[in-house]
Amino acid sequence: IHSFYKTQIKIARRVDYVYDFALPVLVLDTLFNRNATHLGKWLGMSPRNAITVLDTHDGIGIVDVASENGEPGLIPDAVLDDIVEQIHKNSGGTSLKATGAAASNLDLYQVNCTYFDALGKDRLAYLIARAIQFFVPGIPQVYYVGLFAEGNDMELLAHTNIGRDINRHYFSQGEVSQKTQGDWFLKFRELLLFRNTHLAFDGEFVLLEAKKGVLRIKWTSEAHWALLDVDLIALHGKITYSSQAGGSELPLSID
């Protein structure tokens, strides 16, 4: 469920898995404000029995990081308001047409927008966001629209007038074939395969740094290790990891 973060922590103690719905906005906060402090605080307490997401069939949840009844949330409300405004700006205002009182919305606690559009269709920022998702504790889930870095579907929204449909594009078989041969998917596939196969992710998560300008996360399992290093000011990231050659690097770059 989408709820105050402490409620999600309580629920996680009683079930097999919960969704980490706080992560999407915390990653946007990290990239928009070049500061991983709020994300770092969450990673110090977040449920480990989680499915991590950046996007789903619904919108980007706001209530999951907001305050409740005067109790502070994971992100100060004033900062959160700015993040929502930045999403609308980055999407060229298209998310506004699908959010709030617009487009027959039943819930007002989400911003309806693809994650790619929320990041202004910046492929480098999007790749770094996915790398962060893959390095935080939990099992990563990639929504099918996000898999192809698809933008807001304004045609579908206009047809149905249902806000969530902005992020529910219907791909034809031809589109899928084309997308899976595209430069973005081939680049993203490297990251997907790395996260699914490197043995370090069977081990221990360590948050090395999460502050203004810097995010560093490491996983270790016996002799296996993987390190995510993000310079948030320059928006530059890389993954270094153990290999048969001793050490290898997976650049987070877009050609």
Side-chain angles (χ1 to χ4, degrees), residues 17 19-21 23-24 27-28 31 50-61 87 90-92 94-95 98 111-136 138-160 162-202 217 219 226 228 230 235-241 243-244 248-255:
Y17 290 101
Y19 275 106
D20 186 347
F21 287 135
L23 185 65
V27 172
L28 291 178
L31 296 178
I51 307 296
T52 67
V53 296
L54 293 184
D55 46 7
T56 69
H57 66 289
D58 287 336
I60 299 171
I87 294 172
N90 285 352
S91 71
T94 57
S95 55
V111 175
N112 288 314
C113 185
T114 67
Y115 210 80
F116 187 49
D117 255 312
L119 286 168
K121 296 183 178 178
D122 184 329
R123 292 189 183 276
L124 177 57
Y126 187 65
L127 184 64
I128 291 174
R130 288 296 180 184
I132 294 172
Q133 179 196 1
F134 291 178
F135 266 77
V136 302
I139 300 171
Q141 173 182 294
V142 179
Y143 181 55
Y144 79 100
V145 175
L147 181 67
F148 296 136
E150 187 72 14
N152 287 336
D153 191 335
M154 300 307 292
E155 183 177 345
L156 181 60
L157 176 65
H159 177 70
T160 66
I162 297 174
R164 296 174 178 181
D165 280 349
I166 200 171
N167 190 26
R168 297 181 177 182
H169 180 72
Y170 290 85
F171 288 99
S172 67
Q173 185 173 348
E175 282 182 295
V176 172
S177 297
Q178 183 181 33
K179 292 281 187 180
T180 53
Q181 297 303 314
D183 291 341
W184 160 256
F185 183 82
L186 295 177
K187 179 69 178 180
F188 191 30
R189 185 175 182 271
E190 292 182 67
L191 186 59
L192 290 164
L193 290 174
F194 174 77
R195 177 59 180 84
N196 275 341
T197 60
H198 199 281
L199 296 177
F201 294 103
D202 293 329
I217 302 173
W219 284 83
L228 171 65
V230 182
L235 200 58
H236 172 78
K238 66 178 180 179
I239 295 170
T240 49
Y241 59 93
S243 65
Q244 291 184 344
S248 297
E249 180 175 325
L250 178 63
L252 296 175
S253 59
I254 301 295
D255 297 331

Enquirer: Flag the pair Met154 / Ile166 as yes when at least one side-chain heavy-atom distance between them is below 4.5 Å, and no otherwise.
Expert: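 SC-SC contact between Met154 and Ile166 confirmed.
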
Enquirer: For the atom pair CD1 (Ile60) and CG (Leu23), what is the distance rounded to the nearest 0.5 Å?
Expert: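 These two atoms lie 11.5 Å from each other.
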
Enquirer: Apply ring-ring contact (aromatic ring centres under 6.0 Å, His included) to residues Tyr115 and Tyr143 and explain how you reach the verdict.
Expert: CA-CA 10 Å; Tyr115 210 80; Tyr143 181 55; over 10 Å; no

Enquirer: If I take atom CG from residue Asn90 and atom NZ from residue Lys121, how far apart are they, to the nearest 0.5 angstrom?
Expert: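 Here the interatomic distance stands at 11.5 Å.
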
Enquirer: What is the distance from atom CZ of Arg168 to atom CG of Asp165, rounded to the nearest 0.5 Å?
Expert: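 The CG atom of Asp165 is 6.0 Å from CZ of Arg168, to the nearest 0.5 Å.
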
Enquirer: Which heavy atom in Leu147 sits nearest to a heavy atom in Trp184, and how many Å separate them?
Expert: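 Heavy-atom minimum between the residues: O-NE1, 3.2 Å.
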
Enquirer: Could you check whether Phe134 and Phe194 have their ring centres less than 6.0 Å apart?
Expert: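 Distance test on ring centres: not under 6.0 Å, no.
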
Enquirer: Only one of Asp58, Asp55, Asp153 clears salt bridge (Lys or Arg N to Asp or Glu O under 4.0 Å) with Arg164; which?
Expert: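 Per the salt bridge (Lys or Arg N to Asp or Glu O under 4.0 Å) rule, the option paired with Arg164 is Asp58, out of Asp58, Asp55, Asp153.
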
Enquirer: Working to the nearest 0.5 Å, report the span between NE2 of His169 and OG1 of Thr114.
Expert: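 Rounded to the nearest 0.5 Å, the NE2-OG1 separation comes to 11.5 Å.
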
Enquirer: Can you label the angle between the Trp219 ring and the Phe201 ring as parallel, tilted or perpendicular, going by 30° and 60°?
Expert: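 Plane angle between 30° and 60°, so tilted.
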
Enquirer: Answer yes or no: are there more than 12 heavy-atom neighbours, outside Tyr144 itself, under 6.0 Å from its atom OH?
Expert: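 Yes, OH of Tyr144 has more than 12 neighbouring heavy atoms, counting only those of other groups under 6.0 Å.
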
Enquirer: For residues Leu119 and Ala129, report the shortest heavy-atom separation together with the two atoms involved.
Expert: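 That would be CD1-CB, 4.1 Å.
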
Enquirer: More than 12 foreign heavy atoms under 6.0 Å from CD of Gln178: is that the case here?
Expert: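 Not buried by this count: 12 neighbours or fewer within 6.0 Å.
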
Enquirer: How close do Pro24 and Asp20 get, counting heavy atoms only, and between which atoms?
Expert: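 In this case the closest contact between Pro24 and Asp20 is CD-O, 3.6 Å.
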
Enquirer: Using every non-hydrogen atom in the two residues, find where Lys187 and Leu127 come nearest and quote the distance to one decimal.
Expert: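 Heavy-atom minimum between the residues: CE-CD2, 4.0 Å.
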
Enquirer: Using a cut-off of 6.0 Å, state whether more than 12 heavy atoms not belonging to Lys179 lie near its atom NZ.
Expert: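 Result for NZ/Lys179: enclosed.
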
Enquirer: Ring-plane angle category for Phe148 and Phe185, please: parallel below 30°, perpendicular beyond 60°, tilted otherwise.
Expert: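 Taking Phe185 first and then Phe148, their aromatic rings sit tilted (interplane angle of 30° to 60°).
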
Enquirer: Rounded at 0.5 Å granularity, tell me how far NE2 in His57 sits from CG in Asn167.
Expert: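 If I round to the nearest 0.5 Å, the distance is 10.0 Å.
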
Enquirer: Quick check: do Asn152 and Cys113 have side-chain heavy atoms less than 4.5 Å from each other?
Expert: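 The answer is yes, as the side chains (C-beta and beyond) meet within the 4.5 Å cut-off.
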
Enquirer: How long is the straight-line distance from CG of Leu54 back to CD of Gln133, given to the nearest 0.5 Å?
Expert: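 Gln133 CD to Leu54 CG: 4.0 Å, rounded to 0.5 Å.
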
Enquirer: Of all heavy-atom pairs between Gly163 and Leu157, which one has the smallest distance, and what is that distance?
Expert: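 For Gly163 and Leu157, the tightest heavy-atom pair comes out as CA-CD1, 3.9 Å.
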
Enquirer: Taking the side chain as every heavy atom from C-beta outward, state whether Tyr19 and Thr56 have any atom pair closer than 4.5 Å.
Expert: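 The answer is no, as the side chains (C-beta and beyond) never meet within the 4.5 Å cut-off.
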
Enquirer: Above 12 or not: heavy atoms from other molecules or residues under 6.0 Å from CD of Glu175?
Expert: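 Above 12, so yes.
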
Enquirer: Should the ring pair Tyr126 and Phe116 be called parallel, tilted or perpendicular, given that the plane angle runs from 0 to 90° and is split at 30 and 60?
Expert: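 Tyr126 and Phe116: perpendicular rings.
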
Enquirer: Are there more than 12 heavy atoms of other residues, nucleotides or ligands under 6.0 Å from atom CG of Asp183?
Expert: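 Incorrect, the count does not exceed 12.
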
Enquirer: Please give me the minimum heavy-atom distance between Leu31 and Ile128, naming the atom from each residue.
Expert: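 Minimum heavy-atom separation between Leu31 and Ile128: CD2-CG2, 4.2 Å.
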
